[in-house]
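Structure record follows, encoded as structure tokens.
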Protein chains: 2
Amino acid sequence: MLSKEDVFREYLESKKLKFTVERQAILDRAFANPKHFEADELLIDLRQNRLKISKATIYRTLSLLVKSGLLREVIFGERHAHYEQVYGHEHHDHLVCNNCGKIIEFVEHRIERLQEEVCKKK
Amino acid sequence: MLSKEDVFREYLESKKLKFTVERQAILDRAFANPKHFEADELLIDLRQNRLKISKATIYRTLSLLVKSGLLREVIFGERHAHYEQVYGHEHHDHLVCNNCGKIIEFVEHRIERLQEEVCKKK
DNA sequence: ATCGATGCAAACTGTTTGCAAGCGG
DNA sequence: CCGCTTGCAAACAGTTTGCATCGAT
């Protein structure tokens with residue numbers, strides 16, 4: 001199976017884009033922690049690892065990671081984006097607490113099956 | 001059964017707020033069209049009906065309508081809010097086309113049941 | 001050497017807020 | 001009349017973009 005790096009490299013190559021140290025660092029940190037994250041949190045995480053990458057580059061790279069299929073953008077009733085890993089993770093749903101905003105992930109195969117069914121029908 | 005106006009009036013009264021002509025107009029137009037809408041679309045709709053209400057008032061009133069339970073805020077992978085009517089509408093899910101962004105609403109009772117089940121369990 | 005990539009700051013979009021003036025109960 | 005409400009413009013947050021410079025192949 002292809003590693004995350006391989007997938008990203010292939011995507012970049014197919015678009016004639018470059019695999020830079022900044023892109024590598026962002027890929028690494030985006031997958032270093034299993035939960036959801038926002039662009040700002042990733043920036044802080046990078047700083048804590050002594051990597052100074054500008055916000056603009058983070059946004060540009062996250063967008064590439066989404067296009068390559070490695071990350072997904074999810075929005076939880078807030079106005080800014082959260083990202084979550086696709087690579088190595090099953091499709092799932094989220095439960096968002098109306099009081100504290102806490103997010104619980106769950107996989108319910110019966111719901112998955114019905115979702116597929118509705119999608120096909122429409 | 002209480003009308004939308006009654007529900008809104010009661011909510012406002014309970015919070016010692018006033019039922020102004022602006023709030024009435026926004027309530028009317030928010031329910032004049034059955035599909036989802038954004039704040040800007042509502043502004044245009046109001047202008048077309050010769051009602052000049054500022055954006056600030058629209059946002060402030062939409063927030064009250066959500067708190068009163070008449071509208072729900074939904075976000076479809078975009079960074080800005082869409083609103084949909086709760087009053088007189090069953091709980092449902094949305095299918096968003098990845099290509100054109102078109103939104104299809106559907107009610108699937110088996111999914112509703114499983115959603116309830118998961119919510120209780122967590 | 002050529003193009004794409006980066007950092008910076010400015011631009012942008014949707015939304016919120018402070019304030020002075022207006023109006024509903 | 002008192003206090004909530006309004007409109008305006010400025011403030012905000014998250015994100016995007018233009019541009020000069022840098023760097024990978």
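Proteins come first, then strands; the chains are lettered A, B, ... in the order of their sequence lines, and each starts at number 1. Since we're looking at a predicted model, the values are computed, not measured.
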With sequence neighbours left out, write down each residue that passes side-chain contact (heavy atoms from CB on, under 4.5 Å) with [X], or none if nothing qualifies.
X: B:Gln48; answer: B:Ile44
X: B:Arg113; answer: B:Arg110
X: B:Glu13; answer: none
X: B:Ser63; answer: B:Lys67

Between [atom2] of [N] and [atom1] of [X], the distance in whole Å:
X: B:Glu13; N: D:dC4; atom1: CD; atom2: P; result: 15 Å
X: A:Ile58; N: C:dC8; atom1: CD1; atom2: P; result: 12 Å
X: B:Leu17; N: D:dT6; atom1: CG; atom2: C1'; result: 14 Å
X: A:Arg23; N: C:dA5; atom1: CZ; atom2: C1'; result: 6 Å
X: B:Leu62; N: C:dT15; atom1: CG; atom2: P; result: 9 Å
X: B:Lys16; N: D:dT5; atom1: NZ; atom2: P; result: 12 Å
X: B:Ile26; N: D:dG7; atom1: CD1; atom2: P; result: 8 Å
X: B:Glu22; N: C:dG22; atom1: CD; atom2: P; result: 14 Å

Discussion item. Can you pull out every salt bridge (charged side-chain N to carboxylate O under 4.0 Å, His left out) where at least one residue sits in residues 18-29 of chain A? Sequence neighbours excluded, please.
Written reply: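 Non-adjacent pairs meeting salt bridge (charged side-chain N to carboxylate O under 4.0 Å, His left out): A:Arg29-A:Asp45.
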
Worksheet item: salt bridge (charged side-chain N to carboxylate O under 4.0 Å, His left out): which pairs involve residues 53-65 of chain A, sequence neighbours left out?
Response: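 Only A:Asp40-A:Lys55 qualify under salt bridge (charged side-chain N to carboxylate O under 4.0 Å, His left out).
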
Worksheet item: Does the side chain to side chain contact (heavy atoms under 4.5 Å, CB included) test come out yes or no for A:His82 and A:Glu73, once each step is laid out?
Response: CA-CA 6 Å; A:His82 289 240; A:Glu73 193 177 311; over 6 Å; no

Item to complete: Report yes or no: do A:Leu2 and A:Leu71 belong to one cluster of Ile/Leu/Val/Met/Phe/Trp/Tyr joined by side chain heavy-atom distances under 4.5 Å?
Response: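 Same cluster: A:Leu2 reaches A:Leu71 through Ile, Leu, Val, Met, Phe, Trp or Tyr contacts under 4.5 Å.
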
Fill in: Of the listed nucleotides D:dT6, D:dT5, C:dG7, the one nearest the side chain of A:Ser54
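Nucleotide nearest to A:Ser54's side chain: C:dG7.
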
Practice prompt. Summarise how protein sits on nucleotides 13-24 of chain D as a single string, 5' to 3': B when a protein heavy atom is under 4.0 Å from the base, S for sugar-phosphate-only contact, - for no contact.
Written response: -SBBBB----BB

Worksheet item: When the C1' atoms of the five terminal pairs at each end define the local axes, what inter-axis angle does the helix from C:dA1-D:dT25 to C:dG25-D:dC1 show, to 10 degrees?
Response: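 The end-segment axes of the helix from C:dA1-D:dT25 to C:dG25-D:dC1 are tilted 30° relative to each other.
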
Worksheet item: How would you label the contact of A:Lys15 with the nucleic acid (heavy atoms, under 4.0 Å): base, sugar-phosphate, or nothing?
Response: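 Here A:Lys15 touches no strand at all.
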
Item to complete: Output all residues satisfying ring pair (Phe, Tyr, Trp, His ring centres under 6.0 Å) with A:His94, sequence neighbours left out; order by chain, then residue number.
Response: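 A:His36, A:Phe76, A:His92.
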
